[in-house]
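We're numbering straight along the sequence, starting at 1. These numbers come from a predicted model, not from an experiment.
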Amino acid sequence: MQDCTKAVKEFVEEHYTAVTVVLVTSVGLFALRRWLAGGVCRSKARLDGKTVLITGANTGIGKETAVDMAKRGARVILACRDMGRANKAADEVRKRSGNGNVVVKMLDLASLESVRALAKDVHQTEERLDILINNAGIMMCPQWKTEDGFEMQFGVNHLGHFLLTNLLLDLLKKSTPSRIVNVSSLAHETGTGVTTYALHPGVIRTELGRHIFPSLPLWKRILFMPFFLLFKTPWQGAQTTIYCAVDESLKNASGLYYSDCALKEAAPQGRDDAAARRLWDLSVSMVGLA
């Protein structure tokens, strides 16, 4: 033991500068990684007897959010497009949470018909809906179109969730106090007794970027690999979603924007009421709610 200690001491003395650089760099990277991880939801709120619907809950922050909601005692509905992956995710959520009240329902946000079918199903089978979490999303995909002819990102990320929220609003009102949580979106209108929250989850290691990385040249992929280690994990990325869904301090807040489990000011375009109204009216027309 003494020989080992002596050897270490001699090595440090001989390579003092290199050891110092490595130590300082390691501490700095750890501090940066911890800072980038963001806030953590500290609420212990229970959700027994409540129902939560999460879109895109078969992977990433959606699945982590589902696990958290189930641990709090909620009935959790995973609304997903790929039923095979969704059922596998549901089994994992049940196992990790110890809550068997986890169900899967079909939802393809690229099809307004599918959105309407899910909403009809929920109205027929669920007595209440306390929390709607619009989590699913797609980013930088090829130039695809939705079933209804809309650009895929706009159709899925905005129009699909817009229609779903409006079709489920009556059930949310019936279940008040209830909440709508929009991941990377903005809520422009609310129903009585229904509070809405928009949030930025952070830069996360999820499948959202699955269309980006393969399209990059090999040298760029190699260059960016170390930076991926600094991205949030799905669990860390889900914390602001969970915070908006359950934190007691937000029960009287509505229509605000959050990041890292804290209130943040939205970008100027996100505070343009006239533009928001135009988008709302246009969306109503596009999805056939007019």
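Here the rule is side chain to side chain donor-acceptor pair (under 3.5 Å) with Glu64, and of Gln236, Gln239, Arg96 only Arg96 fits it.
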Might you work through the side-chain contact (heavy atoms from CB on, under 4.5 Å) test for Leu289 and Leu167, ending with a clear yes or no? CA-CA 9 Å; Leu289 286 174; Leu167 293 177; 4.3 Å; yes
Set out, in order, the CA-CA distance, both residues' side-chain angles and the distance that settles side-chain contact (heavy atoms from CB on, under 4.5 Å) for Leu171 and Glu127, then state yes or no. CA-CA 8 Å; Leu171 189 56; Glu127 295 182 358; over 6 Å; no
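Put simply, the side chain of Leu250 reaches to within 4.5 Å of the side chain of Tyr243, judged on heavy atoms. Here the side chains of Val183 and Asn134 are not in contact, with every heavy-atom distance at 4.5 Å or above. Within the 4.5 Å cutoff, the side chain of Leu164 has no heavy atoms near those of the Arg116 side chain. Between Val52 and Ile133, the closest side-chain pair of non-hydrogen atoms falls below 4.5 Å.
Using cut-offs of 30° and 60° for the angle between ring planes, the His158 and Phe162 rings count as tilted.
Sorted by first and then second residue, the salt bridge (Lys or Arg N to Asp or Glu O under 4.0 Å) pairs involving residues 69-78 (not counting sequence neighbours) are Asp68-Arg72, Arg75-Glu126. Residue pairs meeting the salt bridge (Lys or Arg N to Asp or Glu O under 4.0 Å) criterion with at least one partner in residues 104-114, sequence neighbours excluded, are Lys105-Asp121.
One distance of note links CG of Asn101 with CD1 of Ile77; it measures 9.0 Å at 0.5 Å rounding.
Using a 3.5 Å distance cut-off with no hydrogens or angles, the side chains of Tyr197 and Thr195 do pair a donor with an acceptor.
Between Asp281 and Arg278, none of the side-chain N atoms (NZ, or NE/NH1/NH2) sits under 4.0 Å from a carboxylate O, so this pair counts as no salt bridge.
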